[in-house]
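Taking it in order: structure first as structure tokens, then the write-up.
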Amino acid sequence: HTGYLVSYLPLDNKIPFCEWFAIPYYLWEPYLFFTGFYLFYTHEENFKDFMRFLGWSFFAAVIIYAIFPNGQNLRPTSLAHDKFCVDIVKWTYATDANTNGCPRLHVLGTMTAVIALWRIRSPEHMGWQAVSITLAVFICLSTVFIKQHSILDVFTAVALSVLFYFIIYHWR
């Protein structure tokens, strides 16, 4: 590695590579899109908060990347077996650098969506909220199981999400 702070915790060594997590990794964009689409058409105020949260937390992450360029060195050196999900991971490695992932945007965006959906207080949404949380957990886990990011990237994104939760929802 050169030119960046290494994002790493010893826990990273205990997390196995699992190519099947490529699927939830790529569900992130549709998850954000459909959350935004749903909120835009059904809960205008939640949509506005969702967009503020997303915009400000992503902006903060980019500032952190500019001040503390970071990256990880966790990718497997070879992915010998050919499977559909392994091909997706190989494509990910080829197209998405292993730098500037701490805090992880996948986790920031996912936390933003979960919080926005959770704030809808009605019994008929409880089932969808449970599905949303389950998907969110898999999306966040996917970043470390495909070795695209360190668990440190996840932890820092969760911490930043907590900060922006209070800023967006409680300190206005």
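Residue indices begin at 1 and follow the sequence shown. Please read these numbers as outputs of a predicted model, since none were measured by experiment.
Not counting sequence neighbours, the partners of Glu44 by the salt bridge (charged side-chain N to carboxylate O under 4.0 Å, His left out) test are Lys48. Among residues two or more places apart in sequence or in another chain, the side chain to side chain donor-acceptor pair (under 3.5 Å) test is passed with Gln72 by none. Annotation: ring pair (Phe, Tyr, Trp, His ring centres under 6.0 Å) contacts of Tyr93 (sequence neighbours excluded): none. Judged as a ring pair (Phe, Tyr, Trp, His ring centres under 6.0 Å), and not counting sequence neighbours, Phe164 has no contacts.
Side-chain contact, Gln148 with Asn98: no donor N or O sits under 3.5 Å from an acceptor N or O.
No side-chain heavy atom of Asp87 sits less than 4.5 Å from a side-chain heavy atom of Trp91. The side-chain heavy atoms of Ile151 and Val154, taken from C-beta on, include a pair separated by under 4.5 Å. Using a 4.5 Å cut-off on side-chain heavy atoms (C-beta onward), Leu39 and Ile120 make contact. For the pair Val86/Trp20, no side-chain contact is recorded, criterion being any heavy-atom separation below 4.5 Å from C-beta on. Tyr169 has its side chain within reach of Phe53: a pair of non-hydrogen atoms, C-beta onward, lies under 4.5 Å apart. With contacts defined as side-chain heavy-atom distances shorter than 4.5 Å, the pair Ile15/Phe145 qualifies. Taking the side chain as every heavy atom from C-beta outward, Phe155 and Leu11 approach each other to under 4.5 Å. Within the 4.5 Å cutoff, the side chain of Leu141 has no heavy atoms near those of the Pro24 side chain.
Between the CZ atom of Arg104 and the OG1 atom of Thr110 there is a distance of 9.5 Å, given to the nearest 0.5 Å. One distance of note links CG of Leu117 with OG1 of Thr35; it measures 4.5 Å at 0.5 Å rounding. Rounded to the nearest 0.5 angstrom, Met111 CE and Leu54 CG are separated by 13.0 Å. Here the straight-line distance linking atom NZ of Lys90 with atom NZ of Lys83 works out to 12.0 Å at 0.5 Å rounding. The CD1 atom of Ile168 sits 9.0 Å away from atom OG1 of Thr112, with the distance rounded to the nearest 0.5 Å.
Without hydrogens or angle criteria, Asn100 side chain to Pro69 main chain gives no donor-acceptor distance under 3.5 Å. Formation of a donor-acceptor pair under 3.5 Å by the Asp12 side chain with backbone atoms of Pro10 is not found in this model. In this structure, Trp28 contributes its side chain and His106 its backbone to a donor-acceptor pair below 3.5 Å. No side-chain donor-acceptor contact under 3.5 Å links Asn70 to the backbone of Val6.
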May I have the step-by-step check of side chain to side chain contact (heavy atoms under 4.5 Å, CB included) for Tyr25 and Thr92, ending in yes or no? CA-CA 10 Å; Tyr25 188 83; Thr92 302; 4.0 Å; yes

Between Leu152 and Tyr8, is a side chain to side chain contact (heavy atoms under 4.5 Å, CB included) present by the stated rule, with each step listed? CA-CA 6 Å; Leu152 180 62; Tyr8 169 80; over 6 Å; no

Can you list the steps and then say if Cys85 with Ile23 is a side chain to side chain contact (heavy atoms under 4.5 Å, CB included)? CA-CA 7 Å; Cys85 289; Ile23 295 167; 3.8 Å; yes

Do Arg52 and Asp49 pass the side chain to side chain contact (heavy atoms under 4.5 Å, CB included) test, and can you show the C-alpha distance, the side-chain angles, and the key distance before you say yes or no? CA-CA 5 Å; Arg52 281 185 203 103; Asp49 289 337; 2.8 Å; yes

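Between Ile146 and Ala22, the shortest heavy-atom contact is CG2-N, 3.5 Å. Shown here for Leu108 and Ala61, the closest heavy-atom pair between the two residues is CD1-CB, 3.8 Å. Across Lys147 and Leu74, no two heavy atoms sit closer than the pair CB-O, 3.7 Å. The shortest non-hydrogen separation linking Tyr65 to Leu105 is OH-CG, 3.6 Å. A pairwise comparison of heavy atoms in Leu160 and Pro103 identifies CD2-CG, 3.8 Å as the closest pair.
Pairs engaging residues 153-162 under the side-chain hydrogen bond (donor to acceptor under 3.5 Å, both in side chains) rule: Ser7-Asp153, His149-Asp153 [sequence neighbours left out]. Screening residues 127-144 for side-chain hydrogen bond (donor to acceptor under 3.5 Å, both in side chains), with sequence neighbours left out, gives Tyr31-Ser132.
Residues Val131 and Phe34 fall into different hydrophobic clusters, defined by Ile, Leu, Val, Met, Phe, Trp and Tyr side chains chained together at heavy-atom separations under 4.5 Å. Linking ILVMFWY side-chain heavy atoms closer than 4.5 Å, directly or via other members, places Met126 and Val137 in two distinct hydrophobic clusters. Hydrophobic cluster membership is shared by Val162 and Trp118, with clusters built from Ile, Leu, Val, Met, Phe, Trp and Tyr side chains linked at under 4.5 angstrom.
Ring centers of His170 and Tyr165: under 6.0 Å apart, within the cut-off.
Applying ring pair (Phe, Tyr, Trp, His ring centres under 6.0 Å) to Phe47 and the options Tyr38, Phe37, Phe40, Tyr41 leaves one that passes, Phe40.
A 6.0 Å sphere centred on CZ of Phe138 holds no more than 12 heavy atoms belonging to other residues, nucleotides or ligands.
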